[in-house]
Amino acid sequence: MTTLLTINVTNRQPQTQEFYFFQQPTVFSGGSWAYSNSLYSQALGNYDQTGSLLTVQVGTQTFAAIQQAHGMPQVGQVSGYASATRAIDLASSSGGTNDATTAIVGPLGLAAPTFAPGVQPGAFRITTPVYAPPEIYNIGSSVQVNGWTVLSSFVVANPATITDCQPVLKFYVQTGTYIPGSVVNFTQSSVNAAVCDFTGGHSVINVTLNADGTWTVQIVQ
């Protein structure tokens, strides 16, 4: 069963603030440039005035993903349009997991996952087929956020290539507006953001934007 990771946000600033959420980029084999998408964005009023909290829940189930794009990723722009996802296992040191899938581009899809030897523990594998430019596809990992599946981190795929993807259960909260599915400049956005690190097995983290603009992050459980 999928575990839900919960981030509760409180706004102590006097004015309403926009918040957006994004994930630590997946580690991809081959050193390809990894992109991050916004996962969720929402306005939140001052807690003392409204009593409102913003709760974001992310499922721990990993999804392999392929997305068709009109062009190379651009910060602030939606990363692509048509997409397909498949629930997939992460490789285990003991083997036996369904940790590899093959992308299909006509029609767009992903084959049912199977076991592949040699995948690094904690990663999954996507094999891309042969296709010709100017077709552009993004491949990577998706997560379910508040019930919706969103491409979280990706690379621009190359034809006839094997790519291993190792997701990281670390999420960021930042002020501003990025619609879900749009490309975030991770290097800039992560500066002074609230870091919600679930890699230690935690499931609930509370985040407060304080009146002075600093963050307080509290692990609840």
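Note that the coordinates shown come from a computational prediction; the quantities given were computed from them, not determined experimentally. Both backbone and side-chain heavy atoms feed into the values below; hydrogens, waters and symmetry mates do not.
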| request: Hey, could you give me the CG/OG1 distance between Leu209 and Thr214, rounded to the nearest 0.5 Å? | output: 7.5 Å
| So, do Phe21 and Phe19 have ring centers that fall under 6.0 Å from each other? | no
| Taking Gln61 for the side chain and Asp89 for the main chain, is one N or O donor matched with an acceptor at less than 3.5 Å? | no
| side-chain hydrogen bond (donor to acceptor under 3.5 Å, both in side chains) assessment of Ser83 paired with Gln68 | CA-CA 6 Å; Ser83 63; Gln68 194 166 18; over 6 Å; no
| task | Give, for atom CD of Gln218 and atom NE2 of His202, the distance between the pair rounded to the nearest 0.5 Å. | result | 12.0 Å
| field | Short side-chain donor-acceptor distance under 3.5 Å, Asn206 and Asn8 | value | yes
| task | Carefully, step by step, assess Gln144 and Phe63 under the rule side-chain contact (heavy atoms from CB on, under 4.5 Å). | result | CA-CA 9 Å; Gln144 285 190 333; Phe63 293 84; 3.7 Å; yes
| task | Indicate if Val183 and Val150 have the same hydrophobic cluster label, given that clusters are the connected sets of ILVMFWY residues with side-chain heavy-atom separations under 4.5 angstrom. | result | no
| Between Ser190 and Phe186, is there a donor-acceptor pair closer than 3.5 Å when you use the side chain of the first and the backbone of the second? | yes
| At what distance, to the nearest 0.5 angstrom, does CD1 of Ile7 lie from OG1 of Thr55? | 10.0 Å
| field | Between Thr175 and Tyr20, a side-chain donor and acceptor under 3.5 Å | value | no
| message | Are there over 12 heavy-atom neighbours, none belonging to Asn192, within less than 6.0 Å of that residue's CG? | response | no
| Between Asp99 and Arg125, is there a salt bridge with N-O shorter than 4.0 Å? | no
| Is there side-chain contact between Asp164 and Phe124, with at least one heavy-atom pair below 4.5 Å? | no
| field | Common cluster, Ile219/Trp215, ILVMFWY with side-chain heavy-atom separation under 4.5 Å | value | yes
| request: To the nearest 0.5 angstrom, please state how far the CZ atom of Phe154 sits from the CH2 atom of Trp33. | output: 12.0 Å
| Shared hydrophobic cluster for Leu151 and Val156 (ILVMFWY, side-chain gaps under 4.5 Å) | yes
| field | Separation between OG of Ser153 and CG of Asn138, rounded to the nearest 0.5 Å | value | 10.5 Å
| query | Just checking, any donor-acceptor pair under 3.5 angstrom between side chains of Thr26 and Ser141? | reply | yes
| task | Would you check, one step at a time, whether the test side-chain contact (heavy atoms from CB on, under 4.5 Å) holds for Thr128 with Thr163? | result | CA-CA 8 Å; Thr128 49; Thr163 303; 5.7 Å; no
| task | Would you please indicate if the ring centroids of Tyr131 and Tyr137 are separated by under 6.0 Å? | result | yes
| request: Report yes if the side chains of Ser41 and Ile179 come closer than 4.5 Å at any heavy-atom pair, otherwise no. | output: no
| field | Worked check of side-chain contact (heavy atoms from CB on, under 4.5 Å) between Gln17 and Leu44 | value | CA-CA 5 Å; Gln17 287 284 350; Leu44 181 65; 5.8 Å; no
| query | Do Val195 and Val58 share a hydrophobic cluster, counting only Ile, Leu, Val, Met, Phe, Trp and Tyr and linking them when any side-chain heavy atoms are less than 4.5 Å apart? | reply | no
| query | For residues Asn37 and Ser152, is any side-chain donor paired with an opposing acceptor at under 3.5 Å? | reply | no
| request: Report yes or no: does Asn158 contribute a side-chain atom to a donor-acceptor pair with the main-chain N or O of Thr161 at less than 3.5 Å? | output: no
| request: Measure the acute angle between the ring planes of Phe22 and Tyr172, then classify it against the limits of 30° and 60° as parallel, tilted or perpendicular. | output: parallel
| query | Would you say the side-chain atoms of Ser36 and Gln23 include a donor-acceptor pair closer than 3.5 Å? | reply | no
| message | To the nearest 0.5 Å, what is the distance between CG on Asn146 and CD on Gln42? | response | 9.5 Å
| task | Answer yes if Leu5 and Val145 sit in the same cluster of Ile, Leu, Val, Met, Phe, Trp and Tyr residues linked by side chain heavy atoms under 4.5 Å apart, and no otherwise. | result | yes
| Polar side-chain atom of Gln57 near backbone of Thr6 as donor-acceptor pair, under 3.5 Å | no
| task | Check whether any side-chain N or O of Ser182 sits under 3.5 Å from a backbone N or O of Val78 as a donor-acceptor pair, and report yes or no. | result | no
| Glu18, CD: over 12 other non-hydrogen atoms inside 6.0 angstrom | yes
| Side-chain contact, heavy-atom cut-off 4.5 Å: Ile66 with Leu108? | yes
| query | For the side chain to side chain donor-acceptor pair (under 3.5 Å) test, which of Asp212, Asp48, Asn210, Thr216 pairs with Arg12? | reply | Asp48
